[in-house]
Amino acid sequence: MNTIKHVFFDLDNTLWDFRKNAKLALEKLYIKYDVEKKYNFTFDQFHPYYHDSNEGLWALIRDKKITKEELRARRFKEAFDNLGINNDELAAIFEDEYMETITNYNEVVDGAMELLEYLKPKYKLHIITNGFIEVSKRKIETSDLNGYFDTVTYADEIKILKPDPRIYTLAIQKAKANVEESIYIGDDWIADALGAKEFGMSSIFFDRLDDNFSQEGIATITHLDEVKKYL
Ligand SMILES: [Mg+2]
């Protein structure tokens, strides 16, 4: 892979530790609204329900079965309902305040800064994200990730999400790159690993949740350190 000149990254859970920051933000809201005292469920009991609801709904968005607005209307309601807290007003308050609260937390994925420092002198670095545009911008600009990337492509710019090849085409154009000299690194098997490969780009799957998906032609790593084996 020594012809590579451009390294494209996914943002959420590949570089910016969405799961960790989300958990910190939710715990803050959980305490703020006194949920444990009112309903007798601890935050640690609540959190897996939110995780399942949110991940399941994001998979439906990726598969074009629901919109982001539907996700926002449903994720907290489903998490609370499934746990046994039937309070739609509380769910609406959590959704309202969650996006604002999460931007107070800016933890990056373990090994991200070391990797970016290692890559920066040798390659042009870029991001392609399916996340909400304003939120994603803030995550990059207010975290340690700021200053490393030549281009950022937001799926929201053209209302098309990864793994649709049109988002990869847009990213390549913005980067003034060729697909042959580009590589993509991301943590979602379908949107990132398969999406990039089907577009014709070299692809590294960052298997953070030990999903163990694999396919010929896609490299798999479990820690960002391992990217150095390929670049
Ligand atoms: Mg991701």
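Residue numbers start at 1 and run along the sequence shown. Note that ligands are numbered from 1 as they come in the structure, with each ligand's atoms numbered from 1 the same way.
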Ion pair check, [X] and [Y], cut-off under 4.0 Å:
| X | Y | answer |
| --- | --- | --- |
| Glu141 | Lys137 | no |
| Glu216 | Lys197 | no |
| Asp34 | Lys38 | no |

For Thr169 and Pro165, indicate whether the former's side chain and the latter's backbone hold a donor-acceptor pair under 3.5 Å.
-> yes
Enumerate the protein N/O/S atoms at a distance below 2.8 Å from the Mg ion (ligand 1), ignoring waters.
-> Asp10 OD2, Asp12 O, Asp187 OD1
Relative to the ring of Tyr184, is the ring of Tyr168 parallel (under 30°), tilted (30 to 60°) or perpendicular (over 60°)?
-> perpendicular
Hey, quick one: are Phe206 and Phe199 part of the same hydrophobic cluster, counting side-chain heavy atoms closer than 4.5 Å, chains of contacts allowed?
->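 In one cluster: no.
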